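Below is one structure; the comments refer to it alone.
Order of listing sets the numbers, starting from 1, for every ligand and every atom in it. This one's a predicted model, so the numbers in the text were calculated from it and none came from an experiment. All residue numbers in this chain count up from 1 along the given sequence.
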Amino acid sequence: MKTKILSGREVSKFYKNKIRENILDLKKKGIIPGLAVVLVGDDPASKIYVNSKSRTCSKLGIFSKTLPYPNKITQVELITVIEKLNKDKQINGILVQMPLPLHIDEFEIINRILPEKDVDGFHPENLGKLVIGKESFVSCTPAGILAILKYYNISVEGKHVVIIGRSNIVGKPLLNLLYQKNDFGNATVTICHSKTKNLSKITSQADILIVAAGNPNMITVDMIKEGSVIIDVGINRIKDKSTKKGYRIVGDVDFEGVKNKVSAITPVPGGVGPMTITMLMQNTLEATLRTI
Ligand code: GUN
């Protein structure tokens, strides 16, 4: 069986071209989408993500501003920042980079973002709408996974989809997207997590296996069904002295080990990763379109 490599880079390019065209049309009407990114502290990974988001914005014609704050910012000060952005007409989307320092209540901060500017899809109103099948902003990684499946015409209807990981950002929104009674839903979904017993018994029943555990190479060939589709959400840095940087990036799935047994698989890097920022751009465009 020839294994299909599901290229997030290719899907991302396809979406970005469409987003760029839409933004050009808006510009003709004098409208420029705006995204504000709030960055608290100096976590190196967060800085990399935030820089990458602002670079992508400028490539697509989205106005973006990054608001950096020191780690010691108080909850009240941060809420003031959010409320100012809520009122700012130039800003259509607000993203607060996670994680936040421990003295700040993440839930309270997310809760203060206007739901119509919540391009991360983290606000309880957007999550609630997702659960009951109403249109809402959907968290970018789950939206990106769905975009990959759609692009490659992989239907989830009637399939057994197994998700490993129950985070608010990936596992929970994905579960709620996939079982919905709509054109791209109707899957039977199982959620597994760190306390799941007999994990391989469940994963080996999956027609589509989506792994978001943050555990390098945890899924091995003996754990999967022949001909299944594998979506690897993991981005793990592991030591590798043979590379210039001294490390390399691997997913949660042993790609080389499983690739000849599956019908399709996302690589790491170049799979789900590139889709996350692209979906953020898509959500920012949507947020802008909803204001006109
Ligand atoms: N930290 C890691 N992933 C994300 C994300 O998708 N959005 C935000 N705001 N922070 C993150």
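Legend: salt bridge (charged side-chain N to carboxylate O under 4.0 Å, His left out) pairs involving residues 37-50, not counting sequence neighbours: none detected. Pairs engaging residues 93-139 under the ring pair (Phe, Tyr, Trp, His ring centres under 6.0 Å) rule: none recorded [sequence neighbours left out].
A salt bridge links Glu135 with Arg290: at least one charged nitrogen is closer than 4.0 Å to a carboxylate oxygen.
Among residues two or more places apart in sequence or in another chain, the ring pair (Phe, Tyr, Trp, His ring centres under 6.0 Å) test is passed with Tyr15 by none.
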Under the salt bridge (charged side-chain N to carboxylate O under 4.0 Å, His left out) rule, what do Arg112 and Asp105 come out as? Steps first, then yes or no, please.
CA-CA 11 Å; Arg112 293 294 181 125; Asp105 179 350; over 6 Å; no
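Sorted by chain then number, the residues whose non-hydrogen atoms approach ligand 1 to under 4.0 Å are Leu95, Val96, Gln97, Met98, Asp120, Phe122.
Under a cutoff of 6.0 Å and an axis angle of 45°, Lys150 and Phe184 form a cation-pi pair.
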